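The structure under discussion appears below in the form of structure tokens.
Quick note: residue numbers are just sequence positions, from 1. Keep in mind the model is a prediction, meaning the values are calculated, not measured.
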Amino acid sequence: MRNAFLFAALLFSACTVAQTPKFTKGASVNGWRGPQNTGVYPDKGLLNEWPADGPKKIFEVDNAGKGYSSPQVVGDRIYLTGLNDQEDKEVLNCYKLDGSKVYTVEYGHRWQGSYPETRTTATFSDGRLYVISGMGEVVCLNAEDGKILWTVNAGEKYGRKAGMWGTSECPLVYDDKVIYTPSGEQATIVALNKFTGEEIWKSASLGDRGCYVSPILIEYKGKRQIIGSTASHVFGANPETGEIEWTFDDWGPKHYGNTNSRRGGDNIATNSPLYSDGRIFLCHGYDINGFQLQLADDLKSVTVTWRTEALDTHHGGYVLVGDNIYGSNWLNNNAGNWCCIDWKTGQTKYETAWEGKGKGSIISADGKLICYDERRGTVGLAKATPEGFNVVSEFRITNGSGPYWAHPTISKGILYVRHAGTFCAYKI
């Protein structure tokens, strides 16, 4: 399954039907990876090719603070989290659309272990911003001036049992609720009142450690459900009560580095699931592979519809465009191929190397894929088509240091790309 193969040619104008986002009622459309965590942005009329030296740069900011989070663009403001100058606290920066800063405010403590850079992308709802620090502090801020409206040290309050990379969660906000996944012995998932921070409900505990997945809210057969993850489980929770209505942990045999060790999905899940019409797709790196689950009509159980060994995304996300899933897989921590998987059948349409690059993050808009190589900082443009992976334009992000793990963002035809404390805006 790992043999890289290149297609000789691809007509960039091949017909592709873009996936139309179906918004779940009550959920914020200003969260991580665009509207309701899909990675697919609504922008149309984007360039089919970029200039040879890359798209026109609108601005570059080089003091945003170290982080892996993504810019959140709402109206005429850009919100981006990072570390402060001393690198001991997390901050929220607010910018105008020309890159000039409006304010910076400290809101919480960074993760104290490895890779301490800020993870959380702010979620916007009703004039407020919601973030979760690396230590599990859930914070609400006034978007206009950055004033902290409330803080709940939810990690401490609920006995957070974090993995070795701390809390790496972006808030799910819907109705009057903010969702956080502390895991551990007290509760797997909790809902706080988005106006006051008071507890609305907490679920039973699965007795499991946390992972690094931001939960999503879905709707099926007229009912809603939260889909989330712990280190060893995927689960569906009732969004009104917190009752965990189903769990999945049938990972099968997995291998991490050698064929004699079993991982069981433990401690490395990072990607929010994809959802469409009662079906859920998720995958993890380290050869844990990918799974599609079918929800029962009553949302009380799931069954496996198919499994794939081709797509096991590390932490770059994946997108559903038309009837196909696109993303990169894990060959090792430094390398991966780019894949297309049929949503309905799990068939591998292609698994292809991006010449001279490796795996990375992916987003989509206007029937196009924008890929961000995590080791070299190359940003590539390709058509979202199952006929093959062909990058027609690319340029490199050269400022900043460390891995290129932040997922890009698109808003009103502008591409925002972050690397460590630098982020840039490009007209696409």
Side-chain angles (χ1 to χ4, degrees), residues 6 9-14 16 18 33-34 39-64 66-73 78 80 82 95-100 121 316-317 319 321 326-328 336-338 352-385 388-428:
L6 293 172
L10 169 68
L11 293 176
F12 192 79
S13 60
T16 300
R33 284 177 58 79
V40 178
Y41 292 80
D43 298 65
K44 302 293 183 183
L46 303 185
L47 297 173
N48 289 330
E49 294 185 31
W50 298 333
D53 56 351
K56 179 182 178 181
K57 183 186 290 186
I58 298 172
F59 67 76
E60 178 176 316
V61 171
D62 60 7
N63 61 349
K66 292 181 179 179
Y68 303 127
S69 58
S70 301
Q72 180 68 264
V73 186
I78 306 166
L80 183 66
Y95 302 92
K96 296 180 181 179
L97 296 182
D98 63 3
S100 59
T121 294
V319 292
V321 184
Y326 299 89
S328 62
N337 293 325
W338 294 79
T352 305
W354 182 3
E355 186 176 0
K357 289 83 179 177
K359 58 188 175 64
S361 56
I362 188 170
I363 59 173
S364 179
D366 197 26
K368 302 171 177 65
L369 305 176
I370 295 178
C371 306
Y372 189 24
D373 168 43
E374 69 180 36
R375 290 293 169 184
R376 301 159 187 83
T378 301
V379 183
L381 174 67
K383 186 71 173 179
T385 171
F389 183 69
N390 182 39
V391 175
V392 298
S393 300
E394 60 182 53
F395 69 98
R396 282 192 65 203
I397 304 295
T398 57
N399 290 346
S401 61
Y404 297 79
W405 283 342
H407 294 210
T409 298
I410 301 174
S411 177
K412 297 179 181 178
I414 306 300
L415 174 68
Y416 299 88
V417 187
R418 189 222 186 110
H419 182 217
T422 298
F423 84 103
C424 305
Y426 299 91
K427 186 175 182 180
I428 61 167

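Listed here is the closest heavy atom pair of W338 and S361: CH2-O, 3.6 Å. The two residues L97 and Y416 come nearest to each other via the heavy atoms CD2-OH, 4.0 Å. Heavy atoms only, all atoms of each residue included: K57 and E60 are closest at NZ-OE1, 2.6 Å. When all heavy atoms of F59 and I78 are compared, the closest pair comes out as CZ-CD1, 3.8 Å. Of all heavy-atom pairs spanning G380 and W354, the tightest one is N-CH2, 3.6 Å. Here the closest heavy-atom approach between residue D373 and residue Y404 is recorded as O-CB, 3.6 Å.
At least one donor-acceptor pair closer than 3.5 Å links the side chain of Y41 to the backbone N or O of G34. Using a distance-only test at 3.5 Å, with no hydrogens or angles considered, no donor-acceptor pair links the side chain of S393 to the main chain of E49. Between the side chain of D366 and the main chain of D43, no donor-acceptor pair closer than 3.5 Å is present. With hydrogens and angles disregarded, no donor-acceptor distance shorter than 3.5 Å links the side chain of R418 to the backbone of T409. Not one N or O on the side chain of R376 forms a donor-acceptor pair closer than 3.5 Å with the backbone of R396. With Y326 contributing its side chain and T385 its backbone, the two residues share a donor-acceptor pair below 3.5 Å.
Distance check: E355 CD to N390 CG gives 11.0 Å after rounding to the nearest 0.5 Å. In this structure, CG on L369 lies 7.0 Å from CZ on F389, to the nearest 0.5 angstrom. To the nearest 0.5 Å, atoms CG (L80) and OG1 (T121) are separated by 8.0 Å. The distance from the CG atom of L381 to the CH2 atom of W50 is 4.5 Å, given to the nearest 0.5 Å. Residue Y372 holds its OH atom at 13.5 Å from NZ of K359, rounded to the nearest 0.5 Å.
The environment of NZ in K357 is crowded: more than 12 heavy-atom neighbours from other residues, nucleotides or ligands sit within 6.0 Å.
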Return a table of donor-acceptor pairs under 3.5 angstrom between the side chains of residues 419-428 and protein atoms on other chains or two or more places apart.
residue, atom, partner, partner atom, Å
H419, ND1, N399, O, 2.7
H419, NE2, S401, O, 3.3
H419, NE2, G402, O, 2.7

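In the model, S70 has no side-chain atom that pairs as donor or acceptor with a side-chain atom of R33 under 3.5 Å. A donor-acceptor pair shorter than 3.5 Å can be found between the side chains of K368 and N48.
In this structure the side chain of I362 never reaches within 4.5 angstrom of the side chain of S328, judged on heavy atoms.
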Stepwise side chain to side chain contact (heavy atoms under 4.5 Å, CB included) test for I410 and L415: CA-CA 5 Å; I410 301 174; L415 174 68; 4.0 Å; yes

